[in-house]
Amino acid sequence: MIPIKSPAEIEKMRHAGAISAIVLDEVCRHVAAGVSTADLDDLTRDAMRRHGAESTTLGFRSEKRIFPGHGCFSINDEIVHGLPSKKKILAEGDIISIDLAMRVDGFVGDNTRTLTVGTVRAEVLHLIAVTQKALEAGINAAVSGNHVGHISAAIQRLADENGFGVVRELVGHGIGREMHEEPAVPNYGIAGYGPELRPGMTLAIEPMFTLGVPKIVVDPDGWTIRTADGKWSAHCEHTVLITDNLPEVLTLLKN
Ligand code: MG
């Protein structure tokens, strides 16, 4: 059952999305060589407090583990769910994805950016640019009457055209009162398959592409997911509302 948000709920989703975008932007401004992911987590905690948001990743349970971060900070070959650590310090040439999900007045916004630290290899820049383009293609396909598979296929096409891997085990998702709602929004698939999109649905669309094979491994910490071949990956995400017309990106940063 895919929740359809009422007009009042949509207003709250807009608010949660706007705050999520502001918090992510504030944290991203601090990305630089010498900064640890624990520093970024502290900044995330402070920014969320300031804006009246509550992290939905902090305390998140999976099997018997409890996630310890206010956000996910994944460096280089780490794809998602990187834990904050004083030992993980950004260096020139690194990339980092910052994935922040937060609840504001009962509703959740979720967004991710992949950033560069100083000068980064050209192939990595290309990976990030294509992942961002795939997010935009997925958003453009998120229109009423289309199916989830239209989003998936639009995203996968960009990866295929550029020879990048598409992570299979991690997918986008419905979002609303909870961080994860139905439906799953895979980054691979066939246009026309999957649930039909209707106005009032809200989805977190989040392509994760890799320079090498898309196979993943989980670190001994039980959370950090990285590429099996050690090649780098990029991740971009927005929370999107399906409307009668064009999709509305709820986590777009407004100036
Ligand atoms: Mg998400």
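Side chains are part of it too, since the values below use all heavy atoms of this structure and drop only hydrogens, waters and symmetry mates.
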Keeping the roles fixed (side chain from [X], backbone from [Y]), state whether a donor-acceptor pair exists under 3.5 Å.
{"X": "T251", "Y": "A21", "value": "no"}
{"X": "T227", "Y": "G230", "value": "yes"}
{"X": "E182", "Y": "M1", "value": "yes"}
{"X": "N187", "Y": "G172", "value": "no"}
{"X": "E92", "Y": "T119", "value": "yes"}
{"X": "S97", "Y": "A234", "value": "no"}
{"X": "S55", "Y": "H70", "value": "yes"}
{"X": "D39", "Y": "S36", "value": "yes"}

Would [X] end up clustered with [Y] when hydrophobic side chains under 4.5 Å apart are linked, directly or stepwise?
{"X": "V240", "Y": "L252", "result": "yes"}
{"X": "L135", "Y": "L250", "result": "no"}
{"X": "I216", "Y": "I95", "result": "no"}
{"X": "I151", "Y": "M208", "result": "no"}
{"X": "M201", "Y": "I10", "result": "no"}

To the closest 0.5 Å, what do you measure between [atom1] ([X]) and [atom2] ([Y])?
{"X": "N111", "Y": "D25", "atom1": "CG", "atom2": "CG", "result": "9.5 Å"}
{"X": "T57", "Y": "M179", "atom1": "OG1", "atom2": "CE", "result": "6.0 Å"}
{"X": "L127", "Y": "T131", "atom1": "CG", "atom2": "OG1", "result": "4.5 Å"}
{"X": "D110", "Y": "I205", "atom1": "CG", "atom2": "CD1", "result": "11.5 Å"}
{"X": "R121", "Y": "W232", "atom1": "CZ", "atom2": "CH2", "result": "5.0 Å"}
{"X": "R113", "Y": "I128", "atom1": "CZ", "atom2": "CD1", "result": "12.5 Å"}

Heavy-atom pair of closest approach, residues [X] and [Y]:
{"X": "V166", "Y": "A159", "value": "CG2-CB, 3.3 Å"}
{"X": "Q156", "Y": "G189", "value": "OE1-N, 3.0 Å"}
{"X": "A141", "Y": "N146", "value": "O-ND2, 2.8 Å"}
{"X": "V120", "Y": "D94", "value": "CG2-O, 3.6 Å"}
{"X": "N245", "Y": "V143", "value": "O-CG1, 4.2 Å"}
{"X": "I66", "Y": "R61", "value": "CD1-NH2, 3.4 Å"}

Practice item. Determine which pairs satisfy ring pair (Phe, Tyr, Trp, His ring centres under 6.0 Å) with at least one residue from residues 116-147, sequence neighbours left out, and list them in order. Key: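 Only H126-F164 qualify under ring pair (Phe, Tyr, Trp, His ring centres under 6.0 Å).
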
So [Y] and [X], do their side chains get closer than 4.5 Å, heavy atoms only?
{"X": "C28", "Y": "L115", "result": "yes"}
{"X": "D77", "Y": "L211", "result": "no"}
{"X": "T243", "Y": "P199", "result": "no"}
{"X": "I79", "Y": "S233", "result": "yes"}
{"X": "V80", "Y": "H235", "result": "yes"}
{"X": "F67", "Y": "L58", "result": "no"}
{"X": "L83", "Y": "P68", "result": "yes"}
{"X": "I75", "Y": "T37", "result": "yes"}

Point to revise | Lys/Arg cation over aromatic Y188: R168, 6.0 Å, 45° cone | key: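 Judged by the rule, R168 and Y188 form a cation-pi pair.
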
Check your understanding: With sequence neighbours excluded, what pairs up with T44 under the side chain to side chain donor-acceptor pair (under 3.5 Å) test?
Key ->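 For T44 there are no side chain to side chain donor-acceptor pair (under 3.5 Å) partners, ignoring immediate neighbours.
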
Decide, yes or no, whether a salt bridge links [X] with [Y] under the criterion of side-chain N to carboxylate O below 4.0 Å.
{"X": "R45", "Y": "D41", "result": "no"}
{"X": "K12", "Y": "E9", "result": "no"}
{"X": "K133", "Y": "E161", "result": "no"}

Exercise for review: Any chance you could lay out the side chain to side chain contact (heavy atoms under 4.5 Å, CB included) test for V217 and I225, step after step, and finish with the verdict?
Suggested key: CA-CA 6 Å; V217 289; I225 294 177; over 6 Å; no

Review point. Hey, is NZ on K231 packed in by over 12 heavy atoms from elsewhere, all under 6.0 Å?
Key: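 12 or below, so no.
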
Practice item. Please indicate whether K254 has more than 12 foreign heavy atoms, meaning atoms of other residues, nucleotides or ligands, lying under 6.0 Å from its NZ. Key: yes

Exercise for review: Determine, stepwise, if the pair E136 / H238 fulfils side chain to side chain donor-acceptor pair (under 3.5 Å).
Suggested key: CA-CA 9 Å; E136 288 157 18; H238 271 308; over 6 Å; no

Practice item. Measure from the ring center of H81 to the ring center of F60 and say whether it is less than 6.0 Å. Key: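 Not close enough - the centres of the two rings lie 6.0 Å or further apart.
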
Practice item. Please lay out, stage by stage, how I242 and S144 fare under the test side chain to side chain contact (heavy atoms under 4.5 Å, CB included). Key: CA-CA 6 Å; I242 314 298; S144 177; 4.2 Å; yes

Practice item. Please lay out, stage by stage, how K88 and E78 fare under the test salt bridge (charged side-chain N to carboxylate O under 4.0 Å, His left out). Key: CA-CA 12 Å; K88 287 189 177 169; E78 298 172 356; 2.8 Å; yes

Exercise for review: Before giving the answer on side chain to side chain contact (heavy atoms under 4.5 Å, CB included), spell out for I155 and F209 the whole-Å C-alpha distance, their side-chain angles and the decisive distance to 0.1 Å.
Suggested key: CA-CA 10 Å; I155 291 171; F209 290 172; 3.7 Å; yes

Practice item. Step by step, work out the side chain to side chain donor-acceptor pair (under 3.5 Å) result for E181 and H173. Key: CA-CA 6 Å; E181 296 183 348; H173 47 92; over 6 Å; no

Check your understanding: Quick one: which of T210, D219, N76 gives a side chain to side chain donor-acceptor pair (under 3.5 Å) with R226?
Key -> D219

Review point. Passes side chain to side chain contact (heavy atoms under 4.5 Å, CB included), T224 versus V218? Steps please.
Key: CA-CA 6 Å; T224 309; V218 183; over 6 Å; no

**Study point:** T202/K5 under side chain to side chain donor-acceptor pair (under 3.5 Å): CA gap, chis, key distance, verdict
**Key:** CA-CA 8 Å; T202 42; K5 275 72 181 180; 2.9 Å; yes

**Study point:** Stepwise salt bridge (charged side-chain N to carboxylate O under 4.0 Å, His left out) test for E248 and R14
**Key:** CA-CA 9 Å; E248 182 178 333; R14 282 196 179 105; 2.6 Å; yes

**Study point:** Sole residue of T239, D105, V104 in side-chain contact (heavy atoms from CB on, under 4.5 Å) with M13
**Key:**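 Among the candidates, only T239 passes.
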
